[in-house]
Structures are given as structure tokens and as C-alpha cells.
Amino acid sequence: MDYLLPNGDPLELPDGATGADAAAAIGPGLARAALAVKVDGVTYDLARPLPTHGERRLEVLTERSGEQALELIRHDAAHVFAEAMLELYPGVKIAIGPPIESGFYYDLDLPAGVSINEDDFPAIEARMREHIEADEPFLREDVPVAVALDRYRGEGQPYKVELIEDLVSNAPAEAPVETVSLYTNGSFVDLCRGPHAPSTRRIKAFKLQSVAGAYWRGDSKNKMLTRVYGTAFFSDKDLEQHLERLELARRNDHRKLGRELGLFMFSDLSPGSPFWQPHGMAVWNALAELWREQNGARGYREVKTPILYDVELWKRSGHWDKYQENMYFTEVEERPMGLKPMNCPAHIQLYSAARRSYRDLPVRYSEQGLVHRHEPSGTLHGLLRVRHITQDDAHIFCTEDQVEDEVLGCLEFGAFIYELFGFEARLELSTRPEQRVGTDAMWDHAEAALVRALERRGLAYEVNAGDGAFYGPKIDLHMTDSIGRSWQLGTVQLDYAMPERFGITYTGEDNAEHRPVMVHRALFGSFERFIGILTEHFGGEFPVWMAPVQAIVLPISDRHNAYGESVRARLAAAGVRCELDARGESAGRKIRDAERRRIPFMLVVGDREQESGQVGVREHRAGDTGAVSIEAFLQHIGELISTLALTTPAA
RNA sequence: GCCGACGUAGCUCAGCUGGUAGAGCACUUCACUCGUAAUGAAGGGGUCCGGGGUUCGAAUCCCCGCGUCGGCUCCA
């Protein structure tokens, strides 16, 4: 049987040859270094016979094979972890332990009354190390389902039993599952589809990182298991570098930067609701100004609606039935009222306040809409998950014929915003959820319209089945935070249900009443979340146009304070957010403090500048860039501001 | 909401097995008048998250709340 190597050379192997044979046939060095072998994109253990079908493009994986190789030893490490846990905590029941991005985890059900925390890690790691040093081979065995079931029933491992039973019952009729694969290392036998490295010794460096709860099979109705996260590398150096990167990323955490830069704060007295400090408000307002201008230019008209409504409205909209758990209610003079969790019903009130003609459509309302949602306490997360949410909301009321163009317009608008910040967002199409209003025909129609708009623009997207809003499907824009967590920002949602529920209409060309379609749209998602992501994206070094303080005047000594103040006043009059540092500190100290505040421009003024009417410009990061006249500086910074220039590299 | 951890000055944190609180930075005052990332000295500042309990005595031990952090579920 012949195979094709990555360099194009053919490799002739006898029938029944394994991955190890292939590596040995190429060279003795490779035979030693080999971890696994990949044929036509599928990775196999070295000990398994190679597939004899397909194109047979063969690649031997070694430590140098990057993520694919790391995934192998991380998966190995998960097994070694479970092995150690079974020895150290008799009676522990094991669930699943896959490799994940940058590490692995294993879910365990600890015996009643037993819990573990990070203090237990050293002992567990020590036991893991013993198994790694023992160089236990990973042995794969395909056994009949009944044998595997007997084994795990006998060992009292109900999760493994459930997994096997599900494998069998979920198998398609034409390919029934008759055997499952088990991997043995040392005394530990795990149900696992593999692949694995040849032996435990290949794990050169590893570390347990955190312990957390996780529901069995990700369902909150199930028991909560104990999940331990860890990672593994091919060298201590790589591991250390990885941990350093994590540490570095934490420095860009918006919660930390928000505190340090005086952007916003939180109080125990109002969990999940940010307090915006003056510097944070400056960022907010810069963003709001951009939003207002761009919405205006795109035919949106700004509105403002109340936050408190009679529950009648929420019964009508469907929120009472589908969203009640996330809402806040109160009573006003014995009348039950609810805080709005969404702006759409409010905008419908505006729409239906007048008779609408097809000539009026599309009607586009935009609002910095303040909504309140009762997010579960465990989910709150700085600005990225709050209960007091200011959406950059908009609702478009249009005809059926206008839907595609309007959706496309929203996507274009989104692309404009994201490019402005150098974001690379992921698009997701979320389809009908279980909890929903409207008929299946409506949903078919709405989902198809979104797909058409995406395809017309040629945009790549993933499908997120079942994740739509209760009133319609949506296209979401996702971004990642400083430590790799993904958050939804923008959203474009199509809604045939809400117009129906509220009975809104427009008069058509035919003089008959028709039902408009609604498009719900937010591009930042919320000002809170967007500013949180922006803060992390820029590491607190905002582009000049949105920097809380755009320039600070630093007098060399007291006698330059008056000139410094005149410079500050001049810049302020020109609309630049500018401060004067008149403290009795050394120039070095003032510079240091301004640098730490990430102020884009520091204007040093001493005798020389005072005499010549100039400012000594120091740019954040770049350093001293020389003295220029105040006019020249104003022109420079004015241009950076008016063009919304990206003046700082993304973090 | 669920699992685990944590909660000491504005911030970052120390405070061992219980004996009524400490550092650095920040802040205030004074002196210095300084040229591109920290001038020096002195001083002020704490219901040790809240409430119960154990104890002669609790920041420290126990219980119950609240909040925060990391996950899970959920979500803009």
C-alpha cells in the first residue's frame, strides 16, 4: 500500500502497517519523535493499522506539529489526571475529559461530602507526575458494547455507562455501534475515541489550573459535577510562556482598567449596574456622538421612550409569558408595572401613534434605550454582563419587499463600525428557539430572508441552531475578550411576530391594510458591553477621538503654570479634552503619571516653550516628538479626532 | 440560579496555631522649582463585607446572608 508524504514523496508500506511502521520507514529519528500519524486529516494512534482507502496523504505528528500535537498530550494529561483522582479519591465517578483550546478538563462526580480546591492540586499533580514518569503506554482496545458496559457497571461508573448507552441508541440504523474503544494507561481504563500519544512520558510539562462546577451534559437540570481545568505542553518553557501570556491578558481586563483609569465603578448596593465616572462618560459620549451621527446619516430618527410600563404591554408583547423571569416588576398606585427589558414594544407604540402609509416605510427609529434585565447573579461580569443595559437600539418597520435591503443595510452599518475599531467579529445566524411566538411558516420565512441577506453580501457565518430571540431569528456579531471569552455584541433580528401581536399596519398602494415587518438592530449590542470590549481591545489606550483625556499640559516648574493654563484653555476652547498638571512635582513624575493614565498627548511646557509660544509634544508610547506651535498641535490632534483615527495599536 | 474560592485603608496586599490592626502606592501639609516614566520629610486615614453564635477575649473558629472572582447554565 502506498501513501503520500507532505513533501510529495510516496511511501510504500506493507499491508497492515501501523503509524509507527510509517514513521520508522521514514527514519529512526522520526520513529522516536512520533506521537501519532495523520492520514487524510484524521489522526490515528501510532499502534493502529493505517487506513487503506482514500488519498492516503500521510503526516507523522511530532512535538513540532503545533496545536494538533498539543491536543494529543492534553488529552493524555486528562487521562492521567483521572487516573490520579481515582487513586486519591476512592469512589470518584468520572464523566468526560476532553482536550480544549489551550488545555483540557475532566468532569468528576466526587463522593458525597468530598470537595476539592486549588490547595489540593499539588498532591494531585505529584501523583500525576508519578504516572508520567512511569511512562505508561496508552493501549487502545476495541471491545463489544456489552463488555464495556459490564466493566463500567462493575466499577460503579454510571456516567460511562450512560455515555455508552447513548452511543448505541444515537447511532444511525445503517451504522449500529457494536464496539467501543477503551484506552488503558497504567491501571486506568477510559472510554475514549482517542487518539493518544504512545505513552504518558510525552507529557513534558503540565499544570492544573482551576476547579469549577459544570452540569453533567451541560444541562442545568442535571447534577453539577466538579470540573478541573489544566493544560500541558512539550516543555516547561512553553508552559511558563503560556502562563505569562494569561497574566499579560489579565492586565487588559476592563474591570481593572476601568478602576485604574477612573472610567466606571460598581457598588454592592446595585449589583450589575455600572456607575460611570467622568472619564468613562467621556468615552461613552464620544461613542454616542459617533452613533448619533451615523444613525442620522443612514436614515434613522432618534427617539426616547419610558422604562416603566403597565404589565398589560408585556402581556401583549409576549414578554410576560416568555421573558418574565428576567424582568423587574413593581406596583404603582396598585397598578402592576414592569421595567422594560427590551425597547421594541415602546417603539411599536410610537409607530402606531399615527396611520402609516407604504410611502412612510421604512420607518427607522433609533434609541439609546435603557433596559433592565434580571441576569442571574452568577453571570454578572463587569461591563460585559450587566443588569442595567443601554442598548444602541433601533427598530425598522418596513414592507416585506424591503426586508432584505434593510437587513443588508444593518450588516453594512455593522461592518463600518467594526472596521473603525479594527475588530474582527464572527457572524452567527441564530434560528428558532423552543420558547417562541409565531407560526412555523413565519419562522421559515424569516430565517430564509436572513440567509438571503447574508449570502447576497457574501458574508461567512456559522449557524447557531435554536438560539434565536423568542419573536424571531437573528444574525449576531461576536467578539472575544481579554482572556478569550466570546461575547455577543451586535445583533440584527427579524420579527414577524411582534407586529402581529400588536396588530400594527400600514396602508398599501392598493388602499388595503398590510402588516409591516420589524427589524430589531443593535450594533454595539449595548454601550456597556461595547465599551468593556473596547477597553480590553485597546488595553485602555483609546484612540485619541475617544480618549477620556486627549492631552495634558505638564509645566516644568511652578513658574510655567500660568503659561500652561493658557495652553490648556486654548485647547479646551478648541474642543480638546485637556488637563493641566499644576502639582508641585518634578517633570519626570508628571510624565510618568500621564503615561500611566495612557493620555495620548503630553504637552511639556518650560522656559523654551513659554518664550516661543510652543508646546513640547510627547506622545504616549512614542515619546518626545519635538516642540511645535500650539496651532500646529491643534491642527494635528484635530485631524486625528475628526478622522476617528486608530492611533493606538490594538492590544 | 448552580459548584468552588475569596471579601482587612481609595488601590495592591501582609496579619502563623484566637490576645482588640500593618506595608507600599494614593491622599494632606511643608520644603524643593525640577526638561521627557517616581524629590524628600511629616501627617491623616480602617463598622477587618453584614448579622448571629462559640469564647474571658474573634479580622482570625462556626452558622446565615450579601457581594466579588473562576467556571457551568443563561445572555446584549
Side-chain angles (χ1 to χ4, degrees), chain A residues 105 107 110 115-120 209-229 250 253 255-256 259-260 262 265-272 325-326 341-342 369 371 373-387 389-393 467 469 474 476-479 483 485-491 493 520 522-530 532-533 554-561 584-596 602-609 616-627:
Chain A
Y105 69 77
D107 283 351
L110 293 167
S115 73
I116 60 168
N117 61 48
E118 291 178 21
D119 296 339
D120 301 313
Q209 291 172 293
S210 62
V211 51
Y215 298 107
W216 166 236
R217 310 210 118 174
D219 188 333
S220 60
K221 289 194 273 293
N222 288 341
K223 183 165 186 183
M224 178 153 279
L225 308 177
T226 301
R227 172 173 298 178
V228 173
Y229 286 92
R250 267 188 269 276
D253 189 312
R255 292 164 299 187
K256 183 170 146 60
R259 195 168 40 240
E260 287 172 1
M265 53 163 269
F266 287 90
S267 161
D268 289 359
L269 298 173
S270 186
E325 282 186 2
N326 291 294
M342 297 184 194
V371 299
R373 297 183 184 175
H374 177 250
E375 303 292 343
S377 56
T379 65
L380 299 179
H381 185 91
L383 290 181
L384 301 183
R385 186 80 180 269
V386 293
R387 287 175 173 163
I389 308 169
T390 312
Q391 296 184 307
D392 65 312
D393 215 355
D467 205 34
K474 53 182 188 163
D476 293 328
L477 300 154
H478 290 253
M479 279 286 295
I483 53 174
R485 285 175 297 213
S486 178
W487 298 90
Q488 183 189 320
L489 298 180
T491 181
Q493 315 182 343
H520 306 240
L523 298 176
F524 301 151
S526 72
F527 277 79
E528 290 84 359
R529 181 173 286 181
F530 199 74
I533 289 285
L554 309 178
I556 293 290
S557 80
D558 284 0
R559 67 176 182 281
H560 308 114
N561 280 356
E585 297 289 351
S586 66
R589 177 55 181 274
K590 291 178 182 178
I591 285 164
R592 178 169 194 265
D593 289 345
E595 288 283 2
R596 286 160 62 101
M602 284 148 276
L603 305 177
V604 178
V605 294
D607 290 336
R608 296 200 295 269
E609 288 77 13
V617 179
R618 179 190 167 98
E619 285 184 41
H620 177 60
R621 290 210 160 184
D624 191 353
T625 58

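Protein chains get the first letters and strands the later ones, always in sequence-line order, with residue 1 at the start of each.
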Notebook entry, point to check: Hey, mind stepping through K590(A) and M602(A) against side-chain contact (heavy atoms from CB on, under 4.5 Å) and telling me if it holds?
Noted result: CA-CA 9 Å; K590(A) 291 178 182 178; M602(A) 284 148 276; over 6 Å; no
Given the structure, check if the side chain of [X] and the base of [N] hold any donor-acceptor pair shorter than 3.5 Å.
X	N	value
E609(A)	rG35(B)	yes
R255(A)	rC69(B)	no
Y215(A)	rG71(B)	no

When we call it a touch if two heavy atoms are under 4.0 Å apart, what does [X] touch: a base, just sugar-phosphate, or nothing?
X	answer
V386(A)	base
R559(A)	sugar-phosphate
R485(A)	sugar-phosphate
E375(A)	base
G588(A)	sugar-phosphate
G584(A)	base
I591(A)	base
S557(A)	base
E619(A)	nothing
G213(A)	base

Expressed as a whole number of angstroms, how long is the span from [X]:[atom1] to [N]:[atom2]?
X	N	atom1	atom2	answer
L554(A)	rA38(B)	CG	C1'	14 Å
M265(A)	rG10(B)	CE	P	12 Å
H478(A)	rC75(B)	NE2	C1'	10 Å
K221(A)	rG1(B)	NZ	P	18 Å
L269(A)	rU68(B)	CG	C1'	14 Å
D268(A)	rG51(B)	CG	C1'	15 Å
L603(A)	rU36(B)	CG	C1'	12 Å
H560(A)	rG35(B)	NE2	C1'	9 Å

Does [N] have a Watson-Crick or wobble mate here (both distances under 3.5 Å), and if so which one?
N	value
rA23(B)	rU12(B)
rG18(B)	none
rG40(B)	rC30(B)
rC48(B)	none
rG4(B)	rC69(B)
rC61(B)	rG53(B)

With rounding to whole Å, what would you report as the distance between [N] and [M] at their [atom1] atoms?
N	M	atom1	value
rA23(B)	rG43(B)	P	11 Å
rU36(B)	rC69(B)	P	41 Å
rG40(B)	rC61(B)	C1'	46 Å
rC56(B)	rU20(B)	C1'	13 Å
rG15(B)	rG7(B)	C1'	15 Å
rA14(B)	rG57(B)	C1'	23 Å
rC16(B)	rG22(B)	P	14 Å
rA26(B)	rU39(B)	P	9 Å

Check: Would you call D253(A) and R255(A) a salt bridge, taking side-chain N to carboxylate O under 4.0 Å as the test?
Finding: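 Between R255(A) and D253(A) there is a salt bridge, with a charged N closer than 4.0 Å to a carboxylate O.
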Check: Can a salt bridge be assigned to the pair E260(A) and R596(A) using a cut-off of 4.0 Å between side-chain N and carboxylate O?
Finding: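 No salt bridge links E260(A) with R596(A).
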Next item on the list: Ignoring hydrogens and angles, tell me if any N or O in the side chain of D476(A) forms a donor-acceptor pair with the backbone of Q488(A) under 3.5 Å.
Entry: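 Not a single qualifying donor-acceptor pair exists.
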Check: If only atom types and distance count, is the side chain of T379(A) paired as donor or acceptor with the main-chain N or O of P376(A) below 3.5 Å?
Finding: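 Indeed, once roles are kept as given, a pair shorter than 3.5 Å links the two residues.
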Below 4.0 angstrom from OP1 or OP2 of [N], is there any side-chain N or O of [X]?
X	N	answer
S586(A)	rU39(B)	yes
S220(A)	rC72(B)	no
R217(A)	rC72(B)	no

Margin query: Nearest heavy atom decides the nucleotide; on that basis, is Q493(A) or E118(A) closer to the 5' end of RNA chain B?
Written below: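 Of the two residues, E118(A) wins.
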Checklist line | Most 5' of L384(A) and H374(A) on RNA chain B, judged by nearest nucleotide | finding: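 Nearest nucleotide further toward 5': that of H374(A).
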